[in-house]
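What follows is one structure encoded as structure tokens, with my remarks underneath.
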Amino acid sequence: MASNAWTRERVVGAIRRWHDDRGVAPRKRDWNKPMFDSGGAPLTPGADVVLELFGKWSEAVRAAGLEPEKQERSAKERKQQAELPDRSQ
């Protein structure tokens with residue numbers, strides 16, 4: 001299926017099905033590549049398609065009525081916010 005065949009409504013449906021099957025909203029890395037069933041029918045779009053349609057991953061997840069998973073912050077981000085000691089010296 002071409003990426004232009006994915007609409008916002010179809011993406012929201014795919015997100016909801018993912019949640020129903022797994023109990024969690026998909027993360028962007030879960031959809032790095034589109035997934036297909038054994039017959040070749042599309043199950044999920046690729047993350048690039050979701051971003052093209054919604055702008056942000058979190059907006060797509062919210063459009064499905066779900067709360068996006070909070071991203072783990074890197075050590076660099078935590079250090080910048082003084083949550084980790086600066087060991088660079």
Taking every non-hydrogen atom, the tightest pair across [X] and [Y]:
X   : Y   : value
P26 : V61 : O-CG2, 4.1 Å
R8  : L53 : NH1-O, 2.8 Å
P68 : S58 : CG-CB, 3.7 Å
G39 : D37 : N-OD1, 2.9 Å
P45 : V50 : CG-CG2, 3.7 Å

Is any side-chain heavy atom of P42 less than 4.5 Å from a side-chain heavy atom of W6? yes

Min side-chain heavy-atom separation L51-W31 under 4.5 Å: no

[X] [atom1] to [Y] [atom2] distance, which is reported to the nearest 0.5 Å:
X   : Y   : atom1 : atom2 : answer
T44 : R10 : OG1   : CZ    : 11.0 Å
H19 : E67 : NE2   : CD    : 11.0 Å
D30 : W57 : CG    : CH2   : 7.5 Å

